[in-house]
Enquirer: 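Sharing a structure with you now.
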Amino acid sequence: MLTLAFKHGTDNYAMHQILTSLMLSLAILTTGGCAALTSEQEPSPTVKKTASAKPALATRPFPEDAFFDLLVAEVALRNQDVETALDNYTYQAEKTGDLGVIITTAKLAQYLNRDDIAATYAKLWVDQEPEAAEAYFILSSSLAKSQNPLTALPYMVKVLELGGDSNFAALAATVLGRTESEQLEFLDELNRQLKLHPGDNSLKIAKALILQYKKQEESALILVREVLNEEPDNPHALLIETRTLSQLGRDEEALTRLRYAVDQNPHHKRLRHDLARRLVKVDLFQAKAQYEELGRQNPNDRDLLLELMLINRELSNTAEVAEQLKSLNDTPELRSRANYILGRLDEEDHNWPQAIEHYLQATGSDEFNQSSQRIASISLAVEGIDKALARLKALRLNHPEQTIHIYLLEAEILRKETRYQTGYDLLSEALNRYPDDEQLRYARSLFSERLGNIDAVESDLQHIIDRDPKNATALNALGYSLANLSSRLDEAEQLVKRALEIEPNDPAIIDSYGWIMLLKGKLNEAVLLLERAFKQTQDHEIAAHFGEALWLTGDKERAKAVWEAGLQDTPNSPIILDTLRKLDLFNE
């Protein structure tokens, strides 16, 4: 409720009455109304003990031009245009400094998850009303959600000291994503507060959460069950208990406790969601029932609908799957994700045409790269190269924002199928449109190398190096190509040495340097370098080089073993077969 000081006069009396009515309805909207919209929004703290007498609230003449902004804000709230309401309240809170407007701004920003605004105005609230537990609670919660749990912690401690209902678990959940040192610092402060407040369950729950995360399950269970002895239905404690039991492999006990937890907290979303997911492993029909109840309780959560759709697919409820997929069409990112998942499931069932159709609908930014790769792979294997290339070209034309990615997929197919000239021409077409794209230039250099065109290789790779002198990949590729396609071994060595200085542990670069040493006749150096690369990865190309170096030093049995290891990874390795042919070993 706003606390305002009005200029007294007949002109302001009617406005005073209007604003009083508006603020009353706003109080209803921002308490009962907002709380009804989300079942798990953290409640404002209630004071457990009688607080000290509050100082008199500061008042100041309230500008008449503020009435209009507040009226607009109230109308916006009634129309559920909460962003407009927040904009107006933020403006007036800044302009007037009125405590009532500041409080409303902080609460509304918290509801909207505008954590930066909520923290700013909760701090202003604290400045004017330093004994307000709710202000500290909003300030702490907002800072935690902004990934500042250590900064938030003292304010939640203040809530505890003022007798409010604290929620240290929310802060603990945030600190789990921070560094190890921050987690330990947070845990140390929890332990310190537990010595000062040994009976506080909120502190115990927070510590138990961190212990569970750190896989100290037995200690977590002891602590959380202390809470459950006092508060058997505490949803946060039950959530930690059941997840800890699951980590310990006590699945049946975890499921039993989850059922109890949901019975006692039927509208707690996370508990029921945990139960639904656990039931997926043991009883799809029961899992479906839980997801359907979650859907009724959370009709706007489309992620739940997606999970329910996947269960219905497993139960062969084709009509329901189709209806739910249709319902997801109004949320493009979920529609894309749903189609990608369905495509993967169809692929597992070897239902290739249906898989491709789903992948073609998975065009969201998060799924496009993977779905287009799956289309290329399936089509190449099932429909042949020409059909696969046609599909990719159609994708490229229909999704111009993904042009470069599709060009690279097309080129990869052509490379695998040894259509080197066609791949070179395709990438030249692409580079006419995107002349400075490094991926396209690097890809074209690979085709130029296969065609034996060292000038083209050097042109593309040098273009990349000129723009990025520390591009180790391009430096290595150019050095390796010069070594293989020309007599410029000294120049090749310098390029690869530069790459190795940038990426000293890269096995591909170590292999290139070892290969150049081999070509220069420095066999002992070559063996040492190639052995180092081979220990990191038994790649068939490294195996070819290392085996050749061993063979030339006379270690023939070991050379054969290295080649065999390389052929296990790539049975028809052309580079190993070429090496054997070069050494005239097919009759060995």
Enquirer: Is it the case that the side chain of Glu333 and the backbone of Asp366 share a donor-acceptor pair, with hydrogens and angles ignored and the cut-off at 3.5 Å?
Expert: no
Enquirer: Check whether Ser371 reaches the backbone of Ala362 with its side chain - one donor and one acceptor, N or O, closer than 3.5 Å.
Expert: yes
Enquirer: So, do Leu392 and Tyr407 sit near enough that their side-chain heavy atoms are less than 4.5 Å apart?
Expert: no
Enquirer: Apply side-chain hydrogen bond (donor to acceptor under 3.5 Å, both in side chains) to Ser246 and Arg278, showing your working.
Expert: CA-CA 10 Å; Ser246 181; Arg278 183 160 291 280; 2.3 Å; yes
Enquirer: Under 3.5 Å, side chain of Thr174 to main-chain N/O of Lys145, donor-acceptor pair present?
Expert: no
Enquirer: Is there a side-chain contact between Arg391 and Leu395, using heavy atoms and a 4.5 Å cut-off?
Expert: no
Enquirer: Would you say the side-chain atoms of Asn167 pair up with the backbone N or O of Ala170, donor to acceptor, closer than 3.5 Å?
Expert: yes
Enquirer: Is atom CD of Gln354 surrounded by more than 12 heavy atoms (other residues, nucleotides or ligands) closer than 6.0 Å?
Expert: yes
Enquirer: Please lay out, stage by stage, how Gln286 and Gln290 fare under the test side-chain hydrogen bond (donor to acceptor under 3.5 Å, both in side chains).
Expert: CA-CA 6 Å; Gln286 288 189 39; Gln290 293 298 331; over 6 Å; no
Enquirer: Do the side chain of Ser372 and the main chain of Asn369 share a donor and acceptor less than 3.5 angstrom apart?
Expert: yes
Enquirer: Give me the one residue out of Lys207, Glu241, Gln247 that meets side chain to side chain donor-acceptor pair (under 3.5 Å) with Gln212.
Expert: Gln247
Enquirer: Is a donor on one side and an acceptor on the other found under 3.5 Å between the side chain of Tyr340 and the backbone of Phe368?
Expert: no
Enquirer: Tell me whether Glu401 at atom CD has more than 12 heavy atoms from other residues, nucleotides or ligands lying less than 6.0 Å away.
Expert: yes
Enquirer: Quick one: do Arg178 and Glu182 satisfy salt bridge (Lys or Arg N to Asp or Glu O under 4.0 Å)? Show the steps, please.
Expert: CA-CA 6 Å; Arg178 309 294 291 179; Glu182 288 176 292; 3.4 Å; yes
Enquirer: Does the side chain of Arg272 come within less than 4.5 Å of Pro266's, by heavy atoms?
Expert: yes
Enquirer: Check salt bridge (charged side-chain N to carboxylate O under 4.0 Å, His left out) between Arg335 and all other residues, then give those that pass, not counting sequence neighbours.
Expert: none
